[in-house]
Structure formats: structure tokens, C-alpha cells
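Just so it is clear: chains get the letters A, B, ... in the order the sequence lines come, proteins before strands, and each one is counted from 1.
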Amino acid sequence: MRRLIPLSLICTLLFAGIASSTTVIPPSFDALVTGANTIFVGEVIGHNAIWISTPRGRAIKTQVTFRVEDVWKGTSGAVTRLEFLGGTIGETTMEVVGMPTFRVGQRTVLFVAAGRHASPLVGFMHGRMRVERDFAGVDRVRTDDGRSLGAVTEIGPLRADYMRSITPMRLSELASAVKSRISLAGAR
Amino acid sequence: MTRTQRYALSLIAVLAVVAASSQTTRGFSTLGSKWANGSIAMNLQLGGGGTFLDGNTSFDGALTQALNTWNGHIDLAKFAAVPGSTRPKGDGDLINHIFFDSNFYGESFGADTLAITTRWTIGDTQRVEADIVFNNAFQWGSYRGNVRTANGRDLWDIVRVAMHELGHALGLDHPDLNGQSVNALMNSVLGNLDSLTADDIAGARSLYGAGGVTSNITFPPRNEPNDFFQQLIALYRDRLGAGSVATFVDPEGAVVWLSEYARYRVGLCDHSTAQARVFSIIDSGVTIGVCAITPAGPIPFPPRNEGLVFMLALNDKYRDGLRAPATSSPVDNEGAVVWVLEYFRYRLNGCTHGDATTRVFQQILGQGIQPVCRA
């Protein structure tokens, strides 16, 4: 944890940027992996929105149910459910700006934080990566906002080359990087 | 040059190359919903914080600055800052709040989240509530220029973060995450840019701009046409022996809205546009720009028949829309519109209040149209 604070500071100074909105300091790949209690690949199989009572009124939450394909860190059942603040009930929509949204059938990698947060993911929206299968049948990875993720080193504050069109990395490459990072942490 | 500055400069250079080679320069992006025209009250509940680097003396003051910055560029809806508001903070209550907290309505922010903005909409398009909660676990200040640190920690400028979040509250999205490459505070990365850009402003105006421009014509202060109208009433009553007629527009309303109608007409709006904009002001309280800069030379005025159509429509609006009670006046609607517009015509063409009043009264008393005071 001690290392993360200066790292965050250096990143801020180097790239002079924070991602928003909702305004979030983008976590690095290491911070995503170490900050996650559970990391899994899943397919959205359902979602529904509910009213909840809050200490200061009421809000809407969307419960998203995933069929878990693969667990990279922590434990998870074959089906798991996460709650995201915001959603639509009838004509009323509460949108939490920047909160990831899901459609049934989407496949995704989720870095799930421990505890109860507005977003259950590490780094709000940054802890969600989209999985898309290319024409050759290879699963590839995009960020929550749809950018191609070429390498795990691109995770974090937006880099100078983030607008370039690149081939997204393979899901298997991301899995290897995550597991390698977990092994490294375990070795320490 | 420090290492940080060298990094920043090389980053700017690379970004410039990327931007120059980009094919996407369309501009702003919107979220698909907007506020109804009118005032958007924002309850500021951030409190003080001492004197900041930019001279602001409270966080509420800094937020007011951010709100006013947006207000300077939009017409149909405007933020109304309520500093020091004591309204109970709540989500889903149709009241807009901006405040600091250690959590977001009971939910943890998460380690890296500086602020969360919510938007409530009805039917996908009508915005009805926006709340912004700043995470008080971070160090906040108010300053211009490059991103700073203080006490070995990041120092976050609340004004630029707020302006970005308020842009979302208005209905703007991130242009850079929608395939566009523009310089904008609404881009997904906040950094050294500390002000709205032309693209941000164009986006806001696409939602709330009246398409108008600032008039280059100065109308007389309102007390003067009001005085003219009172003298007109006396003239009709005492010299012309006019009897009272029923009207729903009181004298002050007649002067105010005929003045606005005239302002749009000399700003080259046609009759229907001018009437629509005046009625929009009546409904929303938000002033809208005129249609074009008035060219040099004699100032054009609308024909009387169009002025009368406006006056009759205004009478109907007062009666049916505003539920104004009937009143009586010796000056009928036709007299009001004809002579008030004549008064303004003289005023805008070089006559003083006294000169214009005299010339109008000479016309009323059968001495013909008088020359204006400026060739």
C-alpha cells in the first residue's frame, strides 16, 4: 500500500490526468489485481433494477447476474450476482455517471472489490473489461468504454497513444498476466 | 526544466501528432437527455475552506464560479446557485445537491473515486435531478493552471472537476470516448486544462442555446419607458377623454414585454421568432439572445400590424397562461403597442427620454410623424 500512493502521484504528474466521470483516478494493472477480492470471467444472464432505501432517501440499484466461466482470483460459485448503483424502473432512471452497464449475453472480466461500494468493482468502471470474440474465434479484451486494450501496461491513466487503433489483447494473455501478478504477490 | 515538465512536454508533442493525424474532429457528444427550460437550482452544501490559491474563500464560492461559467454560455436553462443551502441532503428527492461526504448516500466511494455524479431522468429524455458528491478523503483546493500537489499529496482543483461534472449534469458526454479528438474539458481525462473550450461551449449551446447573439443595441433603462407609459395614460385620459377598456396586461407588463419584443425585432428576428422568444422568457425567466447584430444606420422597427398581433397574443397569454386578473386602462392594446414602439423608435435613433415623449405626443395630437434625433 505504501508504494501505491507515490505511484499514483507520479502517474498523475506524468500524465497530468484523472479520468472522469464520475471522477476516478484510474488504477494501474497492479492496483486492479491486488485491489480485487475476486477476479472472474462471466456472461451476463440477467439483470433487474430495484428501489433501495438509503440513509438520505431512496435510490435505484441494478442487480446483475453472471454465469461464471472462469475464476482467476478468489472464489465464486457458478452463478454470482453483483449490485451496481443506478438503473431504470418504469419511466424513472437513476444514472450514476460512469457506472458500467450490462446487457444480457455480454461477456466480461470483472475485478470485484471487497466491501460495499457504489460500484462493486475496483476503480469504479476500470474494473470491468469487455470480452469480444473476433472473426477468427479468438476472445479479445476491451476496456469498459470500448477502447482496445493492447497490453496490461495500458491500464491506468490514459496514455499518449490511447487514440491509436490497435488489436485488442487476447483474453488468454490477460488471464496469464493476472495470474502471473498474483503469483508474484504470493511469492513476496 | 524538471523531469516532470519534460514528460509533460513530450506528452503534449505526442498528443499533437496524434491529434493532427486523427480523422475525427466532429466535436462534442451528448447523453440524450436535458433539463426543461428555466432555472436549475443547485444546493451548494460544501461549506468554507479558507482562502484558496485562486482567491475563492469557500468551496461554495468555487462551485458558484463553476456554475456561473456554464451559465455564461447557455440561454434556455441556467444553473441557480444556492450557497450555504440547509436543505436536507437526499437522493431521489428531485432536489439538486452538491456536497462533501465520506460516502455516496451510504455507499462507499471506493479507493480511487474523487466524486460521483448522479442524474435522474423521466422517460429517458427529461432530466429532473442531479447530485454531485465529492469524496472528502481527498485533498481539495481551488486554483488555476497546472495540476498541483500540496503536503506530498495530490491537490484536486474543485472548480475544474466541478465544471466537468456539471457538464455531465447538463447532458454532455465525453467526446474522446465517442470517437472524437478535440480539446475539451469534457474529455474523459482531466488535467492541466482548467477552463471550458469552444467545443464544450458548443456542446452546451446545442442543448440550451437559443441560437441567439448578444444584441449590440442598448435599450433605455426601464424606468423611462414606464414613465412614458404613465404620461401616455394621462394623455389618453385627460386630453383625449378616452374611456377605460378592459385589458389583462398591466402597464408595467406592457412596457417590459413590448420592450423585449422590440429588442428582438431590431435584432433582426421575424415576428414569430420574436414573439416565441418573449413568451419563452415569460415562461422560464431566461433571457435569450437576438437573431443578429443590428446593422449600422437607422434602426429598423416592425410594422404596426405585427406589433399589434404580438400585443393581442400577450393579452391572451396574461389572461389564459398567467391567469392575470382583468384590469382597465384608458390606453387600449392598439394604442399601447403603437405608441410604445414609436417611443422606442425615437429613443434608439438618438432621442432623449424627453424628446421621444414629446415627439410621440405630437404624433398623437395630429402633428404627424416627427423626425428622429439622429440622421
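Annotation: Arg67(A), atom CZ; neighbour count of heavy atoms from other residues, nucleotides and ligands within 6.0 Å is above 12. More than 12 heavy atoms of other shown residues, nucleotides or ligands fall within 6.0 angstrom of atom CZ in Arg144(B).
Phe124(A) has its side chain out of reach of Asp112(B): every pair of non-hydrogen atoms, C-beta onward, lies at least 4.5 Å apart. Annotation: side chain of Glu95(A) is not in contact with side chain of Thr121(B) (no heavy-atom distance under 4.5 Å). Within the 4.5 Å cutoff, the side chain of Lys61(A) has heavy atoms near those of the Glu107(B) side chain.
With a 4.5 angstrom heavy-atom cutoff, Asp91(B) touches chain A via backbone and side-chain atoms both. Using a 4.5 Å cut-off between heavy atoms, Phe138(B) touches chain A through its side chain atoms alone. Only the side chain of Ile52(A) comes within contact range of chain B, with heavy atoms under 4.5 Å apart. Looking at Ala118(A), both its backbone and its side chain come within 4.5 Å of chain B, counting heavy atoms on both sides.
Ranked by heavy-atom pairs shorter than 4.5 Å toward chain A, the options Ile122(B), Asp131(B), Asp173(B) are led by Ile122(B).
Of all non-hydrogen atoms in Met94(A) and Phe104(B), the two that sit nearest each other are CE-CE2, 4.5 Å.
Tested against Thr118(B) for a side chain to side chain contact (heavy atoms under 4.5 Å, CB included), the candidates Ile60(A), Val97(A), Val96(A) yield a single pass: Val96(A).
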